[in-house]
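Reading through the structure tokens given below for one structure.
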Amino acid sequence: MKRKLVALSLVMALAATTAACGAGASNNTPASSSNNETAAPAEDGADAAADAEVESSDLEVTGDSRTLSLFAGSIPENTPTGVGLEAMAAYINANSNGTLEAQTFYDTALGDATSMVQGLQQGTVDIGVSGTAYFTGLIPEVGIFELPFLFEDLESARTATSGPAADTINEMFEGVGLIGLSFWENGFRELSNNVRPVTTPADMEGIKMRTLPADVQRATWEAFGAMTAQIDASELYTALQQGTVNAQDNPLHEIVSRKFYEVQPYVTLTDATYTPFYMAMSKITWDALSESQQALVKEAAAVGRQAQLDATDAAQAEALQTLLDNGVEVVEDPDKEAFKEKAMTTWNLLTDNTEKGAELLEMIQK
């Protein structure tokens with residue numbers, strides 16, 4: 001493959017076009033690219049991608065013509081994942097020799113993240129990306145990367161999600177009807193709340209905390225003293241605004257892009273959990289593609305991953321200042337050792353109660 005970075009103009013064009021859409025914009029029409037009953041795909045980002053420089057593949061792609069839905073679950077377009085998904089779609093469209101047309105969908109346009117995973121199994125969604133927690137109902141071991149305080153920095157986390165543990169997890173997913181394409185990234189999660197500044201676990205006592213749909217996540221925040229509830233990302237802003245929950249955790253760029261700071265005046269940089277995104281394809285769709293089309297999709301997922309990581313780094317660098325500019329009180333130096341001491345008691349929920357949890361943890365720690 002001829003390697004060139006996805007053009008910066010793609011990132012800038014996406015930022016400009018999607019900023020106007022806002023984090024709350026969505027298209028809730030149910031759809032499936034496999035049965036040709038598709039909702040309208042996101043157009044602004046696709047137009048930007050079409051105008052931008054795209055990498056060239058050395059593959060000679062042949063096969064039947066097909067439209068592919070690329071869906072980001074509950075994730076808005078104006079995010080690093082939107083940048084990555086548009087880069088992936090642009091790569092497929094530019095290099096498939098006209099045999100594949102990739103269309104992107106965001107923010108519950110084809111359902112929420114949970115229904116997206118079901119759609120991948122059923123073949124009604126072709127390709128989907130979302131937090132690994134939404135895939136744990138099929139393969140609990142995919143939650144291994146989200147063990148609290150497992151990673152000290154982004155470099156070690158990114159290495160792990162592209163290493164032997166990731167390969168093993170991909171093999172496991174094929175047995176439940178999904179083809180793992182790549183691990184993308186949400187990043188280290190930071191706490192926001194509307195009750196008080198949080199410096200130690202004791203400050204979480206009695207706070208109603210939204211958690212991801214994974215046992216380790218729920219147990220971690222309960223170990224800190226919080227009461228927990230699972231709420232889909234698409235409904236979270238309203239839940240925070242109405243007081244259904246008082247707190248949530250997300251990377252800073254997500255707190256900014258979803259405008260949680262409007263209803264969450266306190267943020268604590270806990271770095272408690274690293275959250276990957278999982279990019280998977282329906283095995284039904286995969287099996288319908290030619291070998292060269294399959295290879296192209298794999299290449300495109302890698303291109304999208306790099307574009308998404310680059311965009312994440314850029315968004316994260318600006319997010320802290322955005323929060324401060326909007327009057328958020330940020331606790332930058334909480335007692336992480338106290339949080340870690342309580343959180344470590346949750347690791348055995350995954351390592352002891354899953355078939356390959358302990359094996360995967362050993363792979364990562366090596």
Side-chain angles (χ1 to χ4, degrees), residues 1-18 33 38 41-72 75 77-106 125-129 158-159 161-163 166-167 170 179-185 277-282 285-315:
M1 189 191 305
K2 299 173 185 176
R3 287 290 174 188
K4 295 181 290 183
L5 285 179
V6 174
L8 180 61
S9 58
L10 170 61
V11 177
M12 298 302 293
L14 280 169
T17 56
T18 58
S33 68
T38 54
E43 295 181 354
D44 290 344
D47 291 342
D51 293 338
E53 184 181 14
V54 180
E55 294 185 37
S56 298
S57 173
D58 290 332
L59 292 170
E60 295 183 7
V61 180
T62 61
D64 296 335
S65 296
R66 186 180 182 93
T67 298
L68 298 178
S69 57
L70 277 61
F71 182 33
I75 304 168
E77 186 178 2
N78 65 325
T79 61
T81 298
V83 173
L85 208 63
E86 296 299 341
M88 181 177 177
Y91 187 87
I92 291 171
N93 292 336
N95 292 292
S96 68
N97 196 26
T99 66
L100 298 174
E101 180 186 355
Q103 298 181 345
T104 55
F105 301 86
Y106 300 92
V125 175
D126 296 319
I127 297 171
V129 60
R158 290 174 177 178
T159 298
T161 55
S162 59
D167 294 339
N170 287 338
I179 301 296
L181 298 178
S182 64
F183 281 87
W184 289 16
E185 179 178 280
F277 280 157
Y278 193 54
M279 165 69 71
M281 186 171 190
S282 170
T285 304
W286 177 264
D287 290 341
L289 301 183
S290 68
E291 288 187 5
S292 59
Q293 288 172 328
Q294 291 173 347
L296 179 67
V297 169
K298 282 275 193 178
E299 285 186 355
V303 168
R305 168 187 161 96
Q306 189 58 56
Q308 197 242 16
L309 294 182
D310 291 343
T312 297
D313 288 342

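Values in this document were obtained by computation on a predicted structure and should not be read as measured data.
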Minimum heavy-atom separation for [X] and [Y], please, with both atom names.
X: V297; Y: M88; value: O-CE, 4.2 Å
X: L100; Y: Q293; value: CD2-NE2, 3.6 Å
X: A90; Y: V54; value: O-CG1, 3.8 Å
X: Y91; Y: L296; value: CE2-CD1, 3.5 Å
X: S292; Y: L59; value: O-CD1, 4.1 Å
X: A72; Y: Y106; value: CB-CD2, 3.7 Å

* Asked: Less than 6.0 Å separating the ring centroids of F183 and Y278?
  ->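 Distance test on ring centres: under 6.0 Å, yes.
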* Is a side-chain N or O of N93 found less than 3.5 angstrom from the main chain of A102, in a donor-acceptor match? ->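 Looks like yes, one N/O pair under 3.5 Å.
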* **Heavy-atom donor-acceptor pair, S182 side chain to M279 backbone, under 3.5 Å** =>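 No, S182 side chain to M279 backbone: no donor-acceptor pair under 3.5 Å.
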* Exceeds 12 heavy-atom contacts within 6.0 angstrom, atom CG of D64 ->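 No - once you tally the heavy atoms of other residues, nucleotides and ligands closer than 6.0 Å, there are 12 at most.
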* Asked: If we only count heavy atoms from C-beta on, is the L68 to Q103 side-chain gap below 4.5 Å?
  ->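 The answer is no; the side chains never approach within 4.5 Å.
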* Asked: Any side-chain heavy-atom pair from R66 and T285 closer than 4.5 angstrom?
  ->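 Heavy-atom side-chain distance check passes, below 4.5 Å.
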* Asked: Any side-chain donor paired with an acceptor under 3.5 Å for E185 and T161?
  ->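 E185 vs T161: no donor-acceptor pair found between side chains.
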* Might you work through the side-chain contact (heavy atoms from CB on, under 4.5 Å) test for Q294 and I179, ending with a clear yes or no? => CA-CA 10 Å; Q294 291 173 347; I179 301 296; over 6 Å; no
* T81 OG1 to I75 CD1 distance, which is reported to the nearest 0.5 Å ->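 Here the rounded value is 4.5 Å.
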* At what distance, to the nearest 0.5 angstrom, does CZ of F277 lie from CZ of R305? ->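 If I round to the nearest 0.5 Å, the distance is 13.0 Å.
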